[in-house]
Amino acid sequence: MSDLNKLTIAGARDKLRAKEITSAELTEACLSEIEGAGVLNAFVHHTPDLAKEQAAAADKRISSGDAPALCGIPLGIKDLFCTKGVASQAASAILDGFKPEYESTVSAQLFDRGAVMLGKLNMDEFAMGSSNETSTYGDVVNPWKIDDRNLTPGGSSGGSASAVAADLCLGATGTDTGGSIRQPAAFTGITGIKPTYGRCSRWGIVAFASSLDQAGPMTKDVRDAAIMLEAMCGHDAKDSTSADLAVPDFEAALTGDIRGKVIGIPKEYRMDGMPAEIEKLWEDGTAMLKDAGAEIRDISLPHTKYALPAYYVIAPAEASSNLARYDGVRFGHRAKLDAGDGITEMYEKTRAEGFGAEVQRRVMVGTYVLSAGFYDAYFNRARKVRTLIKKDFEDVFAAGVDAILTPATPSAAFGLGEAAKADPVQMYLNDVFTVTVNLAGLPGVAIPAGMSADGLPLGLQLIGRPWEEGDMLNTAYSLERACGFVAKPDRWW
């Protein structure tokens, strides 16, 4: 029973329903594995008592014949999701000690369906980062390793990616503002989906950039992503951007038949200096989809080159507004004041102590681009570029393209400390293939598709039509079967 943590969600679901295993046994296997994986620094708030209580309740539901797909399945929850009575800090010192009196809509829906929470997962502070090196809890370590180098699991959902890849949990929640689900999924050899903006409620998720943030699942394969996504979706009156649409049966859409589907290959994503192994991975993926019966079509997304600059104006601007609420007055950290200090000094000292360097950098950039004299030159111009990027995708889909295939990342996972501390702008370039999807509000999924020369996982990305996650996941399922990726990291931790 010690290997139960290696099961997929679908595999565990079937065994639970067949009474071959119990949720208590499954949960215990995960808790045991988490206890021995401290070096990965993936889990930062452990909830073993709650997990055992939820597992016992799930076993009763299963015995009574009430067994939703996620009933009894142990999951990790990213620290960006507010969980009632459990520390929810967004990996920031400024929220030290904050325990919400409410549950995020997404996590509440998972628990209503019987899912088990093993604990809260590490992440980049306020989801700002691509390497999980900005967390107040310290760096997350990728379970994949080269020699003695510790590698990044990607970010911001690095704790989620590391935990799923290391079999510490069967699945995890993530959030994606510019690639924060898809990039770490690619770096760790797992599957991650960013749904259409509005598909999952943002209520109770600590905000970074409100027009870009979207929750999604991080799992061991496409089928698990489909199962978990269905439970996370749904209209929520508490979120004004939540779409009032029926949630399809995403798992039922996984037929693997993509004959006649049109797959677009955007020429703008063939960038100067792209590593040969990324280029080959893309070409191999294209050939696999063609062999499966899809039509391959070269397409153009002409405003792609403006996506990163536009994103790094819009996202910091929205972050500047959202993070203004952290002032040391109502909750979280408050700096110690000197005699004579007033309210202004309290704000300044609290934010200087509570926010890390990357968060401070983005808040300052965001405040600058929203300031008088620069609003039109930067923020309004970026919004116009965003509209053009969205129209590029609309034109391609209107011309009959069903999905778009691109690399997920410009490289395999790199060493911790190699990019973030050397050049922040170089770190931002990790999002080059993913930010367009957020700017356009589209669904995107990353799946493991091959290995680098160093023996690290490489991922491909599929971008789907809005609200067509089922169709996109089916294409991903076909590609997943063709790729046949089954590699796992050697257990060194």
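Side-chain contact, Thr152 with Ser131: no donor N or O sits under 3.5 Å from an acceptor N or O. Between the side chains of Ser160 and Lys78, no donor-acceptor pair of N or O atoms lies under 3.5 Å. Residues Ser107 and Ser104 bring a donor and an acceptor atom of their side chains to less than 3.5 Å of each other. Side-chain contact annotation: Thr409 with Gln183, donor-acceptor N/O pair under 3.5 Å absent. Judged by distance alone, the side chains of Asp176 and Asn438 do bring a donor and an acceptor atom under 3.5 Å apart. In this structure, a donor-acceptor pair under 3.5 Å is present between the side chains of Lys120 and Ser88. In summary, the side chains of Thr134 and Asp124 do present a donor paired with an acceptor at a separation below 3.5 Å, with no hydrogens or angles considered. Counted by atom type alone, Thr367 and Ser320 present one or more donor-acceptor pairs between their side chains at under 3.5 Å. Remark: the Glu318 side chain and the Ser211 side chain contain an N/O donor-acceptor pair separated by less than 3.5 Å. Of the N and O atoms on the side chains of Ser130 and Asn430, not one donor lies less than 3.5 Å from an acceptor on the other residue. Side chains of Glu469 and Thr196: a donor on one and an acceptor on the other come within 3.5 Å. Asn322 and Ser210 form a side-chain donor-acceptor contact under 3.5 Å, judged by distance and modelled atom types alone.
Taking the six-membered ring where tryptophan is involved, the planes of Phe126 and Phe355 are perpendicular, since the angle between them exceeds 60° and thus also 30°. Between Phe98 and Phe331, the two ring planes are tilted [angle within 30° to 60°]. Using a 30° and 60° split on the angle between ring planes, Tyr368 and Tyr378 fall in the tilted class, from 30° to 60°.
Between Met218 and Thr188, the closest side-chain pair of non-hydrogen atoms is not below 4.5 Å. A heavy-atom distance below 4.5 Å is not found between the side chains of Thr173 and Leu75. The shortest side-chain heavy-atom distance between Phe393 and Ile463 falls under the 4.5 Å cut-off. Residues Glu268 and Lys305 fail the side-chain proximity criterion, which asks for heavy atoms closer than 4.5 Å. In this structure, the side chains of Leu26 and Val116 stay at 4.5 Å or more apart for every pair of heavy atoms. For the pair Ser157 and Ser180, the minimum side-chain heavy-atom distance is below 4.5 Å. Side-chain atoms of Thr175 and Asp213, non-hydrogen and from C-beta on, never get closer than 4.5 Å to each other. With a 4.5 Å cut-off on side-chain heavy atoms, Cys169 and Val164 count as touching.
Taken from CD1 in Ile77 to CG in Leu118, the straight-line distance is 9.0 Å, to the nearest 0.5 Å. The distance from the CZ atom of Arg182 to the CG atom of Asp431 is 9.0 Å, given to the nearest 0.5 Å. Taking CG of Asn122 as the reference point, atom OG1 of Thr136 lies at 9.5 Å (rounded to 0.5 Å). Distance check, rounded to the nearest 0.5 Å: OG1 of Thr241 to OH of Tyr197 gives 3.5 Å. To the nearest 0.5 Å, the span separating CE on Met472 from CD1 on Ile404 amounts to 11.5 Å. To the nearest 0.5 angstrom, Ile314 atom CD1 is 10.0 Å from Asn380 atom CG.
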Query raised in the report: Which is it for Tyr137 and Asp79 under the side chain to side chain contact (heavy atoms under 4.5 Å, CB included) test, yes or no, and what are the steps along the way?
Result: CA-CA 11 Å; Tyr137 311 122; Asp79 198 38; 2.7 Å; yes
Report task. Please step through side chain to side chain contact (heavy atoms under 4.5 Å, CB included) for the pair Val141 and Val39, ending with a clear verdict. Result -> CA-CA 7 Å; Val141 178; Val39 68; 5.5 Å; no
**Report entry** Step-by-step side chain to side chain contact (heavy atoms under 4.5 Å, CB included) determination, Leu323 to Ile94
**Finding:** CA-CA 10 Å; Leu323 270 62; Ile94 207 161; over 6 Å; no
Query raised in the report: Would Asn5 and Cys30 satisfy side chain to side chain contact (heavy atoms under 4.5 Å, CB included), going step by step from the backbone distance to the final call?
Result: CA-CA 5 Å; Asn5 57 295; Cys30 290; 3.9 Å; yes
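Applying the side chain to side chain contact (heavy atoms under 4.5 Å, CB included) test between Met228 and each of Thr219, Ile193, Ile73 identifies Thr219 as the sole match.
Note on Asp167 versus Arg491: no salt bridge recorded, every NZ/NE/NH1/NH2 to OD/OE distance being 4.0 Å or above. In summary, Arg361 and Glu358 engage in a salt bridge, as defined by a charged side-chain N under 4.0 Å from a carboxylate O. Salt bridge Lys336/Glu353: absent, no basic N to carboxylate O contact under 4.0 Å.
A donor-acceptor pair is defined here as one N or O able to donate and one able to accept, closer than 3.5 Å; no such pair exists between the side chain of Asp244 and the backbone of His235. Formation of a donor-acceptor pair under 3.5 Å by the Trp203 side chain with backbone atoms of Ala237 is not found in this model. Put simply, the side chain of Arg199 never gets that close to the backbone of Cys233: no donor and acceptor are under 3.5 Å apart. Remark: side-chain polar atoms of Glu345 are paired, donor with acceptor, to backbone N or O of Gly342 under 3.5 angstrom. Remark: side-chain polar atoms of Asn142 are paired, donor with acceptor, to backbone N or O of Trp144 under 3.5 angstrom. With Arg465 contributing its side chain and Phe397 its backbone, the two residues share a donor-acceptor pair below 3.5 Å. Put simply, the side chain of Arg330 gets close to the backbone of Arg325: a donor and an acceptor are under 3.5 Å apart. No donor-acceptor pair closer than 3.5 Å links the side chain of Lys390 to the backbone N or O of Leu442. Judged by distance alone, the side chain of Asp224 and the main-chain N or O of Ile9 form a donor-acceptor pair under 3.5 Å. Judged by distance alone, with hydrogens and angles left aside, the side-chain atoms of Trp467 form no donor-acceptor pair with the main-chain N or O of Pro443 at under 3.5 Å.
Summarising the local packing, NZ of Lys238 is surrounded by more than 12 heavy atoms from other residues, nucleotides or ligands at distances under 6.0 Å. Residue-environment remark: NZ (Lys349) exceeds the threshold of 12 foreign heavy atoms within 6.0 Å. Around atom CD of Glu35, no more than 12 heavy atoms belonging to other residues, nucleotides or ligands sit under 6.0 Å away. Residue Lys145 qualifies as enclosed at atom NZ: its count of foreign heavy atoms under 6.0 Å is above 12.
The salt bridge (charged side-chain N to carboxylate O under 4.0 Å, His left out) search around Asp239 returns Arg202, not counting sequence neighbours.
Taking all atoms of both residues into account, the shortest heavy-atom contact from Ala408 to Ala186 is CB-CB, 3.8 Å. Counting all heavy atoms, side chain and backbone alike, Pro407 lies closest to Phe433 at O-CB, 3.4 Å. Closest approach of Met117 and Thr83 over heavy atoms only: SD-CG2, 3.8 Å. Shortest non-hydrogen contact noted between Gly72 and Ser23 is O-OG, 2.9 Å. Minimum heavy-atom separation, Leu110 to Ala231: CD2-CB, 3.9 Å. Of all heavy-atom pairs between Ile389 and His303, the closest is CG1-O, 3.7 Å.
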